[in-house]
There are 2 protein chains.
Amino acid sequence: MTVTIVDIAREVHMTHGTVSRALRGSQQVSRETRKLIQQTARKMGYMPNSLARSLRTRSSNTIGIILPSDVQMEVLQERVAATARLAHQENLDLMTYYNWPEEHPYQRAVHSLRSAQVAGLIVSHMCEPTLPEALKDWVDEDRPIIFLTDYGRESFNMIDTDRVEGFRLATEYLVGLGHRKLSIVLPWWDGPTPSPNVQVRLEGFRKGLQEAGLPYSPERVITYKAMIEEGMTEAMRRLVDSPDRPTALLTYNDNAAAACIQELAKLGLKVPKDISVVGFNDSSISRRNLIPITTLAQPVEEMARITMRKLTDMVRGEGAKRFPSVLCPPKLMIRETTAGLGP
Amino acid sequence: MTVTIVDIAREVHMTHGTVSRALRGSQQVSRETRKLIQQTARKMGYMPNSLARSLRTRSSNTIGIILPSDVQMEVLQERVAATARLAHQENLDLMTYYNWPEEHPYQRAVHSLRSAQVAGLIVSHMCEPTLPEALKDWVDEDRPIIFLTDYGRESFNMIDTDRVEGFRLATEYLVGLGHRKLSIVLPWWDGPTPSPNVQVRLEGFRKGLQEAGLPYSPERVITYKAMIEEGMTEAMRRLVDSPDRPTALLTYNDNAAAACIQELAKLGLKVPKDISVVGFNDSSISRRNLIPITTLAQPVEEMARITMRKLTDMVRGEGAKRFPSVLCPPKLMIRETTAGLGP
DNA sequence: CTGTTAGCGCGTTCAT
DNA sequence: ATGAACGCGCTAACAG
């Protein structure tokens, strides 16, 4: 059926050992036989069995990547695609596992990927601020791993956009436009502390206010119930009715920004004339919205490059198994949902 | 380092053969020893090496999926995620290859995935109307394969949204609203015939017109240069200046629809008062656009189910290696970019 | 019921 | 420069 090195060996009247060496370009096999073997291999349509190779060499050339299957994030997919291209250039394969939130998150994913003998792991979407149990073993064994999501300050091996810097930058920009009454619109959190995703945004916002010498108070934060369809509707109504209505809004991401703008329009507020709005992600909706949304672009390509470099280093045993997290600054994309204050 | 079945065998004073059987739940091993072995396996943190298993059984439980890395398609990613979830339920792994267009498309992808001994292939984004050379061998060998993209009528093993029906349905809907002057906005094609992606849309449009008893003429088709930023700008200007301006527009997809609406607004035309616009895909931009876009939703979950069922059948040798393509009807999502004609 | 043995395809060490 | 032989971890066929 499929042609193996023994088939080739039989064809050229040699042993499969020689064929193996020749195909790997070993110097200790004569030039002629090497050429002969390589030619016949091609002629016979030989294709190496990477399973057997990995089994023998005890090292695989595939890396596992764990993605969330519940949330759809355009930018995450861009990152994955960019990373994958670089991986393919290094002759690395990608085994994807779409993680479905369950009682033991990541457990099935890690189990499956371990069985497949992946050489490294790329993990996205840490919902929890703490390392999941299933990943703990992997980390403790000092196996190569990289996290794609900014899930807290005390993290390591994480490569992501610096959201604190992003929201600080956006605040600075709005203040520069003359705005003094800023608010940030964030999904509501149940527990005593907001989720890391919310926290970093808030931190950047506060930092920006502080640098501008503007006071921060909890009233500057407008929350909405994320899962409920009317969450944003209700939040914007609250905002419009508030005694000290803000003139500029930071939002969780572009989708939230677009939802904001929809609701504000229904309430009779024009963006950006009456109120400015900034999104996050530079996703297609920010570019194609009827009013293109001012937003922050994640440095996707750059992060992909760093990710692959770190990962290949680790897989080859060249780099340290742990490194301090890398945060890349986003880029402000000024479009049409932000404007200076009217006269 | 890693614990294998021989380690377990040593632990329970048996041979690895027995351990292998016990772990697979074979009936021909006593209940007690089976329990004992399974417990010690868990205790020792055993994890099967699926490479070795696949090598031995000559059958792998991973399926390859080839995706385009250049175009970002939200709906495609949704399909992949949905399919992946079902695959994982069947204990199938997914090896992803992000195809980068080059001189020999799919060649590196197929090579890589073949080496990994994937049991089946899922292929998206057939740019060409004809089967790529690299996939021809795979098909000729009757290996399991499924195509995700509607690339022509004479195809097989393809599962996708029925775009002809979608555009017919949209046309029918617009005609039902009272529109008589419809146009379709499509990316420009260089060759003598449009690309399959364009062709199916055009076909649906013509079908819809015909059923409504409305005449079709080439002037009903408005083309724009897809890669050029100003393509849509120029196309919409042409549209507005045309002597017999249409009152309703079908577009390539939601992004194109949003771009249309942006440009029409710049030219002073209000959607939907002056002109109706229909998109395609039900992507987030259609939902979150300042004016939510009427569009057609692809039956993502349904297609994922069919895909996995067909694929698992093929992989298990239960189903035929070729089946007639399956086209699933999209669903019309009526939102706010379409309206009846004014009095 | 359990032990023994033989590979799956490949890389590699030890001879020659 | 090439051959012979072993083993990676696992399944399966054959004994007993």
Side-chain angles (χ1 to χ4, degrees), chain A residues 1-38 40-41 44-62 91 93 111-119, chain B residues 1-38 40-41 44-62 91 93 111-119:
Chain A
M1 194 63 191
T2 50
V3 33
T4 74
I5 50 172
V6 270
D7 298 325
I8 301 175
R10 203 169 15 232
E11 185 76 11
V12 298
H13 302 292
M14 301 215 178
T15 49
H16 73 276
T18 313
V19 174
S20 173
R21 282 176 285 236
L23 290 177
R24 309 224 72 209
S26 167
Q27 294 295 354
Q28 58 176 342
V29 50
S30 81
R31 296 187 64 85
E32 314 173 37
T33 45
R34 197 164 3 134
K35 287 295 165 202
L36 173 65
I37 287 173
Q38 285 173 352
T40 37
M44 297 175 73
Y46 170 74
M47 205 152 285
N49 184 327
S50 60
L51 266 51
R53 177 177 295 171
S54 294
L55 184 61
R56 174 60 236 241
T57 61
R58 305 164 134 282
S59 74
S60 92
N61 64 325
T62 107
N91 279 317
D93 286 333
H111 185 92
S112 182
L113 262 18
R114 270 190 111 108
S115 285
Q117 311 296 113
V118 295
Chain B
M1 192 63 190
T2 50
V3 34
T4 73
I5 51 172
V6 271
D7 298 324
I8 300 175
R10 202 168 16 233
E11 185 76 12
V12 298
H13 303 290
M14 300 215 179
T15 46
H16 71 278
T18 313
V19 174
S20 173
R21 282 176 287 232
L23 290 176
R24 309 222 69 211
S26 166
Q27 296 294 356
Q28 55 176 347
V29 50
S30 80
R31 294 188 64 86
E32 313 174 38
T33 46
R34 197 166 1 137
K35 287 294 165 202
L36 174 65
I37 287 173
Q38 285 172 352
T40 39
M44 297 175 74
Y46 169 74
M47 206 152 285
N49 184 326
S50 60
L51 265 51
R53 177 178 295 171
S54 294
L55 183 61
R56 174 61 236 235
T57 61
R58 308 166 129 279
S59 76
S60 91
N61 63 322
T62 107
N91 280 316
D93 286 334
H111 185 91
S112 182
L113 293 172
R114 271 190 110 108
S115 283
Q117 310 297 115
V118 296

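Please read these numbers as outputs of a predicted model, since none were measured by experiment. First the proteins, then the strands, lettered A, B, ... as listed; each starts at 1.
Interface remark: the A:His16 side chain does form a donor-acceptor pair with the C:dG11 base, using a distance-only criterion of under 3.5 Å.
Across the interface with DNA chain C, nearest-nucleotide mapping of A:Thr2 and B:Gly17 shows B:Gly17 to be the residue nearer the 5′ end. Of the residues near DNA chain D, A:Ala52 and B:Thr57, the one whose nearest nucleotide (by heavy atom distance) lies more toward the 5' end is A:Ala52. Mapping B:Arg56 and A:Arg24 onto DNA chain C by nearest heavy atom places B:Arg56 at the nucleotide closer to the 5' end.
Between B:Ile37 and B:Ala22, the shortest heavy-atom contact is CD1-CB, 3.6 Å. Closest heavy-atom contact between B:Asn49 and B:Leu51: OD1-N, 2.9 Å. For B:Val3 against B:Tyr46, the heavy-atom pair with the smallest separation is O-CD1, 3.2 Å.
Spacing between atom NE2 of A:His13 and atom P of D:dA4 amounts to 14 Å, rounded to whole angstrom units. The interatomic distance linking A:Ile37 (CD1) with C:dC10 (P) rounds to 13 Å, in whole Å. Going from atom CD of A:Gln28 over to atom P of C:dA15 covers 15 Å, rounded to whole Å. A straight line from CG of A:Leu36 to C1' of D:dA1 spans 14 Å, rounded to a whole angstrom. Taking atom CD of A:Gln117 as the reference point, atom P of D:dC8 lies 14 Å away to the nearest angstrom. Atom CD1 in A:Ile5 sits roughly 14 Å away from atom C1' in D:dT2 (whole-Å rounding). Taking atom CE of residue B:Met14 and atom C1' of nucleotide C:dT5, one finds them 19 Å apart after rounding to whole Å. One can place CD of A:Gln27 at 13 Å from P of D:dT2, the figure rounded to the nearest angstrom.
The phosphate of D:dT11 (OP1 or OP2) has a side-chain N or O of B:Arg53 nearer than 4.0 angstrom. Listed pair B:Thr18 / C:dT2 fails the phosphate criterion, with no side-chain N or O lying under 4.0 Å from OP1 or OP2. Remark: B:Thr15 is in phosphate contact with C:dG3, judged by side-chain N or O atoms under 4.0 Å from OP1 or OP2.
For the pairing with B:Arg10, the side-chain contact (heavy atoms from CB on, under 4.5 Å) check across B:Asp7, B:Val12, B:Ile8 returns one residue only, B:Asp7.
Across all strands, B:Ser30 comes closer than 4.0 Å only to sugar-phosphate atoms, never to a base (heavy-atom distances). If you check every strand for non-hydrogen atoms under 4.0 Å, B:Ser50 touches nothing. Among the atoms of the strands shown, only primed sugar atoms or phosphate atoms (P, OP1, OP2) are found under 4.0 Å from some heavy atom of A:Thr33. Counting any heavy atom pair closer than 4.0 Å across all strands shown, A:Arg21 reaches a base atom.
Among C:dT2, D:dG9, D:dT2, the nucleotide with an atom closest to any side-chain atom of B:Asn49 is D:dG9.
No hydrogens or angles considered: a donor-acceptor pair under 3.5 Å links the side chains of B:Thr15 and B:Thr18.
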